[in-house]
Amino acid sequence: MPYDFTAKDGIMSHPVYAWIGGICALTPSEMTFESLKPHILESYEYAKEKFNKKMPGTVNRFT
């Protein structure tokens with residue numbers, strides 16, 4: 001599937017991290033960024049969960 005990686009304000013598969021479900025948006029508008037916030041927060045929470053499973057008892061200063 002061809003992608004235009006110069007297209008601005010669009011959501012598409014990340015060119016490197018698509019294999020793990022990564023997405024990207026080049027120069028997103030405020031509306032596009034707001035639509036991505038739930039995905040960003042979900043990914044962040046998932047990463048924290050994985051980290052805490054690997055490193056139990058470690059202090060996470062960003063919590």
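Below, all heavy atoms of this structure are taken into account, side chains as well, without hydrogens, waters or symmetry copies.
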Are Thr32 and Ser35 linked by a side-chain donor-acceptor pair shorter than 3.5 Å?
no
Kindly state each residue pair satisfying salt bridge (charged side-chain N to carboxylate O under 4.0 Å, His left out) with at least one member in residues 25-43, sequence neighbours excluded.
Glu34-Lys37
Of all pairs that satisfy salt bridge (charged side-chain N to carboxylate O under 4.0 Å, His left out), the ones with a partner from residues 8-24, not counting sequence neighbours:
none
Distance, nearest 0.5 Å, that separates CD1 of Ile11 from NE2 of His39
6.5 Å
Could you give the side-chain donor-acceptor pairs of residues 15-27 under 3.5 Å, partners two or more places apart or in another chain?
from  : atom 1 : to    : atom 2 : distance (Å)
Trp19 : NE1    : Val16 : O      : 3.3

Side chains of Lys48 and Glu45: does their closest heavy-atom pair fall under 4.5 Å?
yes
